Amino acid sequence: GSRRVMNPSGGEIPKDLRGFLEYYEQAHPREFCRIEKEVDPRYEAAAILTKLEQARKLPILLYEKVKGSSFPVVTNVYSTKKKIAASIGADPRRFRQTYLAAMENPIPPRLVTGGPVLDQTISQDDFDWKDFPLMTYHQGDAAPYLTAGMVLAEDPETGRTNASFNRLMYQGRNRVGIFMTVGKHLHEMYSRMEDQDQPLPITICLGSHPAWALGALHIGPYGDDELAIIGGLLGRQVEMIRGDLPGTIFPAEAEIVFEAVIEPHIREEEGPFCEFSGYATGRGLRPVVTVTSVHLREKAIFQDICGGQHREHLVMATIPMEANFYRTIKGAVPTLVDVHVPAPFSLIVSIKKRFPGQAQSAMLAAFSSDIYLKHAIVVDEDVDITNLQEVIWAIATRVQADTDILVIPGVR
């Protein structure tokens, strides 16, 4: 199930996050920034990234010294399509085709018994979240957060692994609050276990190859094998290790892996947290995660995704979203030209219109494929959907509200 895959610079695709960072720093030194001065995880790390973003700079940032922790922190890894495309040897201009091809040609994972992530293990008694550089990004955040943790959970019924990003808020020595989106797969698995008064065993994985983020953010039918999609993107089987907790699994080449359980019937305050939408989501009673052990690579790198409305958060999520929209709408409207997600909950579609009603078909297909879509705009192929000025011009000159706006009441 493995094929030799080359990246555009002629070498093989990097095997893991540190391999990718090494490759990217050599290939694009102007887009990789090492910060040697000590940085405070409270506001300062986020402020540096924000200032650079305001200057239209989106380098990968490696904070070599973070106050209160022995781990270096890397952030902004997914801040541009170019970076994510480079990680899997894809041409950024043909990135969607590459992503869709991986979805069509999944490569199932392979179980192994050892790997670099098992260099060191810390037991539950010796574990303390305070040793790790959890970040506070904004004044509105209730506590330090872990944002780049990819949660892997096994469906108790199908045995398939689900991967998702879930924000985790510091609660105590070995406890964090978790936010699970209602309607998404992890929440569904947790609810099924809670119905049986059982905890849901999970692993929280930090610092994997960027292809893992694309797999974890994949949007598709319940039961799609996300690990096989990651394999498809990498062109090889991903190597997985079984955890000590029953039903847990994690990548052999991750930097840091926490084995944990989401407790049933326990709810504690979580939030506010400043989200990708540009708003702070409110405080709420949410489930709690207890860490049972942690596995680390030697000289482990801690990965972070800056909370709030930052490029990394937006770029990373829209790649799988656009692929999903493209696939679904193409089924309803074969003359689909392109799709673009310019902002949260919004979609712009261009089609080559053959007959009346086709734009409505495109919209209905889009709404059926993502419960979080609020606004869909369909334009003719002469409009560049990545140029918002052109899109607004098309709306201004071609839309008559009483005939050209379709409202679907009462949906999510």
Side-chain angles (χ1 to χ4, degrees), residues 56 58 78-85 88 90-104 214 217-221 229 233 276-278 309 311-412:
R56 297 190 171 272
L58 300 163
Y78 317 124
S79 53
T80 59
K81 277 188 184 166
K82 177 183 166 184
K83 294 184 185 72
I84 306 172
I88 56 167
D91 175 348
R93 288 166 309 211
R94 292 188 50 79
F95 191 37
R96 181 172 311 131
Q97 288 92 319
T98 310
Y99 188 81
L100 289 165
M103 286 162 77
E104 301 301 317
L214 294 175
L217 291 161
H218 162 73
I219 301 161
I229 291 168
L233 288 164
F276 69 96
S277 58
Q309 254 192 323
R311 292 305 310 157
E312 182 165 33
H313 211 149
L314 299 171
V315 166
M316 187 173 69
T318 56
I319 292 167
M321 238 181 249
E322 288 176 353
N324 179 49
F325 281 132
Y326 188 87
R327 192 174 56 160
T328 315
I329 298 169
K330 187 93 175 162
V333 182
T335 53
L336 172 70
V337 177
D338 206 359
V339 298
H340 176 55
V341 175
F345 321 121
S346 306
L347 173 70
I348 306 169
V349 180
S350 56
I351 64 169
K352 198 175 190 152
K353 188 170 148 186
R354 296 242 187 263
F355 51 82
Q358 240 179 338
Q360 287 90 323
S361 296
M363 287 178 179
L364 292 169
F367 285 121
S368 72
S369 72
D370 191 331
I371 57 169
Y372 287 100
L373 180 63
K374 281 172 73 173
H375 311 118
I377 298 168
V378 183
V379 295
D380 290 309
E381 61 179 322
D382 64 324
V383 176
D384 173 3
I385 57 176
T386 63
N387 181 337
L388 294 184
Q389 212 166 345
E390 280 193 32
V391 175
I392 297 293
W393 167 77
I395 293 170
T397 57
R398 304 176 185 182
V399 172
Q400 199 63 36
D402 59 340
T403 54
D404 302 322
I405 290 178
L406 171 68
V407 178
I408 307 171
V411 290
R412 174 78 180 170

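Treat the numbers as computed from the prediction; the structure is a model and nothing was measured. One-based numbering along the sequence shown. All heavy atoms count here, side chains included; hydrogens, waters and symmetry mates do not.
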Please report the interatomic distance CG(Asp91) to CZ(Arg93), rounded to the nearest 0.5 Å. 4.5 Å

Does any non-hydrogen side-chain atom of Tyr99 lie less than 4.5 Å from one of Ile88? no

Side-chain contact, heavy-atom cut-off 4.5 Å: Glu312 with Phe276? no

Can you tell me how far the CD1 atom of Ile84 sits from the OG1 atom of Thr98, to the nearest 0.5 Å? 12.5 Å

Going by the ring-ring contact (aromatic ring centres under 6.0 Å, His included) test, which pairs reach into residues 368-401, not counting sequence neighbours? none

In sequence, state the C-alpha distance, the side-chain angles, and the governing distance for Leu214 and Phe95, and then conclude on side chain to side chain contact (heavy atoms under 4.5 Å, CB included). CA-CA 12 Å; Leu214 294 175; Phe95 191 37; 3.8 Å; yes

Quick one: CG on Asn387 to CD1 on Ile392, what's the gap to the nearest 0.5 Å? 10.0 Å

Where is the tightest heavy-atom contact between Pro92 and Lys82, given as atom of each residue plus distance? CG-CA, 4.2 Å

Without placing hydrogens or testing angles, list every side-chain donor-acceptor pair under 3.5 Å for residues 314-322, not counting sequence neighbours.
| from | atom 1 | to | atom 2 | distance (Å) |
| --- | --- | --- | --- | --- |
| Thr318 | OG1 | Leu314 | O | 3.2 |
| Thr318 | OG1 | Val315 | O | 3.0 |
| Glu322 | OE1 | Lys81 | NZ | 3.4 |
| Glu322 | OE1 | Arg96 | NH2 | 3.3 |
| Glu322 | OE2 | Val341 | N | 2.9 |

Could you list the donor-acceptor pairs under 3.5 angstrom formed by side chains in residues 401-411, with sequence neighbours left out?
| from | atom 1 | to | atom 2 | distance (Å) |
| --- | --- | --- | --- | --- |
| Thr403 | OG1 | Gln400 | O | 3.2 |
| Asp404 | OD2 | Gln400 | N | 2.7 |

Kindly list each side-chain donor-acceptor pair under 3.5 angstrom involving residues 345-354, sequence neighbours excluded, with atom names and distances?
| from | atom 1 | to | atom 2 | distance (Å) |
| --- | --- | --- | --- | --- |
| Ser346 | OG | Pro344 | O | 3.2 |
| Ser350 | OG | Asp338 | N | 3.3 |

Any chance you could measure Leu217, atom CG, to Asn324, atom CG, to the nearest 0.5 Å? 12.0 Å

Of the non-hydrogen atoms in Ala332 and Ser361, which two are nearest, and what is the gap between them? CB-O, 4.2 Å

Asp380 meets the salt bridge (Lys or Arg N to Asp or Glu O under 4.0 Å) criterion, sequence neighbours left out, with Arg398

In this structure, NE2 of His340 is separated from CZ of Phe325 (nearest 0.5 Å) by 12.5 Å

Enter the distance from Met363:CE to Ile329:CD1 here, rounded to the nearest 0.5 Å. 10.0 Å

In chain order, what residues pass the side-chain hydrogen bond (donor to acceptor under 3.5 Å, both in side chains) check against Ser369, with sequence neighbours excluded? none

